[in-house]
Visitor: 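Submitted below is the structure of interest, expressed as structure tokens.
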Amino acid sequence: NTDIIGGTAPRQEKARQLMTKIVNNLSAKMEMGSPMVCMYLLGNPDHYKSHQFATFFWQGYVSEARKAWEANDIAAPPDKVTLLKCKGSIVGLSPVFDYIYRPVELSSMCLYDWIRRCRREKLSRKELERRLAEVQGESTDGDKESDNSYRVEKGLYALLNGHPLSESHGIRCMSEETALVPNFVGAMLPPPIKVIENTMHQLC
């Protein structure tokens with residue numbers, strides 16, 4: 001768009017031409033083919049699949065695990081978090097937190113099964129009121145445990161203290177029959193150690 005910005009046309013005309021180009025580009029990207037439009041109008045799906053998939057950004061979990069040995073890992077990608085307002089302050093929330101502060105009952109579950117079977121869900125209003133009353137009772141009774149290691153409501157397990165949403169959300173663990181298939185997203189997965197060793201042996 002240097003021809004528009006560096007042209008001799010008035011400033012208002014330059015702005016109009018630039019906005020027209022932006023709108024045209026956006027409209028072209030939003031266009032849908034007639035077969036897809038017909039599928040939507042008839043209420044038919046636009047694709048068919050035999051399994052349900054779960055998006056798995058695996059690099060964030062690897063970076064978190066490497067912090068135990070390499071605190072200043074320059075090669076690690078920056079952490080991507082979702083900003084949420086919690087208790088009057090802004091906190092960064094990452095899916096990695098769900099696994100780090102997973103319920104005690106699911107502490108032995110491996111990461112692969114966690115991605116397949118576990119989802120974070122918001123607690124019902126009734127459960128939130130019950131937990132609020134419980135916390136207020138614990139403030140006057142120091143003998144009660146407050147490690148959140150119990151099932152908060154049917155099908156949901158409580159997140160451990162330290163998770164930004166431990167007081168308002170829980171973890172639902174699905175059965176094997178309804179488990180999802182992980183879809184690894186991000187950089188290319190590293191090859192197994194045996195493949196690397198065999199490659200180095202061939203090169204030598």
Side-chain angles (χ1 to χ4, degrees), residues 29-30 32 36 39-40 43-86 90-124 127 147-200:
K29 293 181 181 297
M30 294 173 61
M32 301 175 65
M36 183 173 292
M39 294 288 280
Y40 279 118
N44 296 325
D46 56 358
H47 67 282
Y48 297 91
K49 54 187 178 181
S50 59
H51 297 77
Q52 298 292 328
F53 296 87
T55 305
F56 179 29
F57 295 95
W58 63 274
Q59 286 180 284
Y61 294 87
V62 174
S63 300
E64 185 67 29
R66 292 177 63 177
K67 288 180 181 178
W69 295 274
E70 304 173 12
N72 299 321
D73 189 3
I74 301 177
D79 295 334
K80 294 183 179 181
V81 297
T82 302
L83 297 180
L84 298 175
K85 188 174 182 180
C86 182
I90 303 299
V91 296
L93 181 64
S94 169
V96 183
F97 294 167
D98 295 345
Y99 188 68
I100 295 175
Y101 300 102
R102 61 190 182 276
V104 175
E105 295 86 349
L106 306 176
S107 59
S108 60
M109 179 177 288
C110 66
L111 179 58
Y112 186 83
D113 287 337
W114 173 268
I115 298 299
R116 293 173 58 241
R117 300 177 55 190
C118 295
R119 292 292 174 272
R120 184 180 71 240
E121 294 185 8
K122 189 171 183 178
L123 302 180
S124 62
E127 177 63 25
D147 59 353
N148 287 8
S149 58
Y150 56 88
R151 187 173 297 197
V152 292
E153 61 182 62
K154 187 176 181 180
L156 287 181
Y157 295 95
L159 292 160
L160 296 180
N161 288 331
H163 193 288
L165 302 179
S166 60
E167 297 182 2
S168 59
H169 289 68
I171 297 296
R172 185 177 299 279
C173 185
M174 299 182 293
S175 63
E176 279 289 345
E177 290 74 16
T178 58
L180 308 180
V181 178
N183 178 24
F184 289 77
V185 177
M188 183 180 297
L189 290 173
I193 299 298
K194 289 185 178 180
V195 175
I196 299 177
E197 292 176 351
N198 293 336
T199 304
M200 293 299 294

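Side-chain atoms are counted along with the backbone in the values below, which use heavy atoms only and exclude waters and symmetry mates. Quick caveat, the model's predicted, so the values are computed rather than measured.
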Visitor: Give a yes or no answer on whether the side chain of R102 reaches the backbone of Y99 with a donor-acceptor pair at less than 3.5 Å.
Guide: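 Answer holds: yes.
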
Visitor: Name all residues meeting the ring pair (Phe, Tyr, Trp, His ring centres under 6.0 Å) criterion together with F184; count only those two or more places apart in sequence or in a different chain, and write none if there are none.
Guide: F56

Visitor: Does any non-hydrogen side-chain atom of I171 lie less than 4.5 Å from one of E121?
Guide: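 They are not in contact (no side-chain heavy atoms under 4.5 Å apart), so the answer is no.
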
Visitor: Counting N and O atoms only, with roles assigned by atom type, does the side chain of Q59 sit under 3.5 Å from a partner on the main chain of A187, one being a donor and the other an acceptor?
Guide: yes

Visitor: Can you list the steps and then say if R116 with V181 is a side-chain contact (heavy atoms from CB on, under 4.5 Å)?
Guide: CA-CA 6 Å; R116 293 173 58 241; V181 178; over 6 Å; no

Visitor: Write down the atom of C118, the atom of L106, and the distance for their closest heavy-atom approach.
Guide: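 Closest heavy-atom pair between C118 and L106: SG-CD1, 4.0 Å.
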
Visitor: Determine yes or no for a side-chain-to-main-chain donor-acceptor pair under 3.5 angstrom, with R117 supplying the side chain and M174 the backbone.
Guide: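 A pair under 3.5 Å: yes.
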
Visitor: Please find the pair of heavy atoms, one from L160 and one from S166, that lie closest to each other, and give the distance.
Guide: O-CB, 3.5 Å

Visitor: Which heavy-atom pair separates I115 from P182 by the least distance, and what is that distance?
Guide: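 That closest heavy-atom pairing would be CG2-CB, 4.1 Å.
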
Visitor: Between Y61 and V96, what is the shortest heavy-atom contact and its length?
Guide: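 That would be CE2-CA, 3.8 Å.
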
Visitor: Which heavy-atom pair separates A54 from L180 by the least distance, and what is that distance?
Guide: CB-CD1, 3.7 Å

Visitor: Identify the two heavy atoms, one from M188 and one from W58, that lie closest to each other, and give their separation to 0.1 Å.
Guide: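 In terms of heavy atoms, the two residues are closest at O-CZ2, 3.7 Å.
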
Visitor: Please enumerate all residues that pass side chain to side chain contact (heavy atoms under 4.5 Å, CB included) together with T82, with sequence neighbours excluded.
Guide: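 T82: side chain to side chain contact (heavy atoms under 4.5 Å, CB included) contacts with L84.
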
Visitor: With distance as the sole test, does S63 use its side chain to make a donor-acceptor pair with the main-chain N or O of G60 at under 3.5 Å?
Guide: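 No, S63 side chain to G60 backbone: no donor-acceptor pair under 3.5 Å.
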
